[in-house]
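Below is one structure, written out as C-alpha cells; comments come after it.
Residue numbers count from 1 along this sequence.
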Amino acid sequence: MIVNIWNWKTGTKVACNKVSSKVSKTLVINGRNGLLGDQRNNTFSDVACGRGINSDITYCVTSSGLLCSINSKRVLDTWVELKTSKAYAIAVSEHYIICGCADGIIKLQFIVTIPKPHFLGVNVAEGIDSSNPLSKPEKANYPDTVAVAFDTVNHRVYPNVSDNRQAALPPGSFLTCSADDTVRVWNIEEGTSILFERNVYSKEMMKVLYMEDTVSNLKDTDISLAIKNMRDSSGDTRMPGVRCLRISPDGQTLATGDRSGNIRVYDLMFFDETAKIEAHESEVLCVEFSPTETGTVINTTGLCWARFDSFTVFDVANNFILLQTLDDHSASITSIKFNMSEADELQLLSCGADKSIIFRTAQQSFSLLGAQNFVGKTTFYDMDIDPSGKLAATACQDRNVRVYDVSSGKQTRNYKGTPGDDGTLVRISLTLQARMQPQAALIRV
C-alpha cells in the first residue's frame, strides 16, 4: 500500500511512501456533507469538535475570517465575524474557543484577543525589557497564526506562527538556517553565560541574522495558480533561503550558503557580515571550513541545466581570493569534508549524486592532487568523518551506511541504516565517542 500526499491547489503530488506495517483490515468511512447554506462557497481552513456539553457541535473557521458552528443535524446554523482578514486554525475546549488568525492574531472568542508576537524583522536580541518594548515600523508585518493548541490541564495556549524562521558559542548553543532567509542562534542551557541577555520574545532564541533587508521571505504569501504558471514558463524557479551553514573550527567565524549562489561570512563575536562572495549562479549545497592551520573555506554548488557540478576553494586569510575550482563530479555534490590524515596530509573528500566518492590530497599551495575516485551503486546523500580521522561514513539512497578507509579509499563496512523499508537517510553525524565497531551500532543517523 502506498500513501500519496497531494498539493490540491496545484494538482501536483509532493510526496509518497510505502506503508511498511501489515494492514489486516481496511475500514471505509462514509461521510455526509454538511448543509452549509449561505457559506457553501466559503473556504474552510480548520475544524474542531466540541467538548463536554457541546460535544454534538462542530466548530470551524473560514479563510474569510468567520467562526462557524454546525449542529448535530449537520446544519451550519451560526457564524460570527472574527474581525480579521483570514482565519487559519481553531482549538476547542469545554469552555473556550481559540482561533488563530492572520497577522499573528489569536482570539479567545468573546473574551480577549491575545497580544501579537514580535513583528517580522525585529532584532530579538534588543528586546530585553518587557516594560519598554521596541518601537515598530509604521507598516509592521506579523506572521500568521497557522496552528493553535490548548492545554486543558495548565490552561495555556500554544501558537505556531508562520515566520519561516558567537565568539565561541556557549554550551547548549546551536544555529539553524531556513528558507525564510534567516539564520537563528539558539541556546537551551539555562544559567549559561552568553553574549546576549535573554530577551522577552523567546527564552531560547538569542539572535536572528537577516540575509536581506526585506521581510517578504519571512511570511508565506498566497500565490495564484496563474502567477505560478507564469513564473514556471519564464524559468524563474529560484527560491530565497539559506541552504547551508558551517562554523569554523576555532568558533570565531560563520559561513552560510544560499539558494542564489552567495556565500556570506560573519564574525561570531558581534555577528557582523565580514564578506559576501557571489560564488555561483545556482544554489550553494554545502559549505565547509578546513582545519584552522590551513585557513581555507570550501563550498560546493549544484549547477542545473546539464552542466557539471563543481566546488570552489577560497583563502580565508587573504580576503577570500579564489584558489581553485574543480568539477570532477558529474552530478550534484551532496557533501564535502576536510580531514587531516595520519601522515599529517590535508585531505578533501567529496561525494554526490553521481554515486562516486572522491579522495584528494592538498599540497602546500592548496592545489588538490592525487584524486582517487570510487564509484558505487547508489547515490550518496551525506558524509561524516570519525574523530580519529581514519574512517568516513556515508548515508546512502538505499538506506545503508557505508564506511570507507580515508587512506586507501576502500569500503570497509556496511550497516543497514533503517529497520524497515520506509524513510530515507538524508544526514549522518558521528559523536565524539563514535567508534566503528561491527558489533555496536554507534553511528547516529
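Going from atom CG of Leu66 over to atom OG1 of Thr43 covers 11.0 Å, rounded to the nearest 0.5 Å. To the nearest 0.5 Å, atom CG of residue Leu254 and atom CD of residue Glu273 are 10.5 Å apart. Here the CD1 atom belonging to Ile188 is positioned 12.0 Å from the NZ atom belonging to Lys203, to the nearest 0.5 angstrom. Summarising the geometry, atom OG1 belonging to Thr256 is positioned 7.5 Å from atom CG belonging to Leu245; distances are rounded to the nearest 0.5 Å. Taking CE from Met205 and CG from Asn187, the interatomic distance works out to 13.0 Å, rounded to the nearest 0.5 Å. Going from atom OG of Ser332 over to atom CD of Glu283 covers 8.0 Å, rounded to the nearest 0.5 Å.
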Legend entry - Candidate pair Ile98 and Ile106, rule side-chain contact (heavy atoms from CB on, under 4.5 Å), full reasoning: CA-CA 7 Å; Ile98 303 99; Ile106 302 174; 3.6 Å; yes

Inset, instruction - Please assess Ser407 against Lys390 for the test side-chain contact (heavy atoms from CB on, under 4.5 Å), listing each intermediate value before the final yes or no. - result: CA-CA 7 Å; Ser407 298; Lys390 298 178 181 179; over 6 Å; no

Inset, instruction - Assess whether side-chain contact (heavy atoms from CB on, under 4.5 Å) is satisfied between Cys351 and Thr334, documenting all intermediate values. - result: CA-CA 6 Å; Cys351 61; Thr334 54; 3.9 Å; yes

Inset, instruction - Applying side-chain contact (heavy atoms from CB on, under 4.5 Å), run through Leu285 and Ile333 and close with a yes or a no. - result: CA-CA 7 Å; Leu285 293 180; Ile333 301 172; 5.5 Å; no

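Judged as a side chain to side chain contact (heavy atoms under 4.5 Å, CB included), and not counting sequence neighbours, the contacts of Asp46 are Val61, Ala89, Ile90. Arg399 pairs by the side chain to side chain contact (heavy atoms under 4.5 Å, CB included) definition with Thr418, not counting sequence neighbours.
Of the charged side-chain nitrogens involved, none lies within less than 4.0 Å of a carboxylate oxygen, so that Glu81 and Lys107 do not count as a salt-bridged pair.
Under the 3.5 Å distance criterion, with hydrogens and angles disregarded, a donor-acceptor pair is assigned to the side chains of Ser388 and Asp386. In this model, no donor atom of one side chain and acceptor atom of the other lie less than 3.5 Å apart for Thr412 and Asp405.
Phe289 is listed as a side-chain neighbour of Pro249, based on a closest heavy-atom distance under 4.5 Å.
In this structure, Phe359 and Phe374 have perpendicular ring planes: the angle between them is above 60°, well past the 30° mark.
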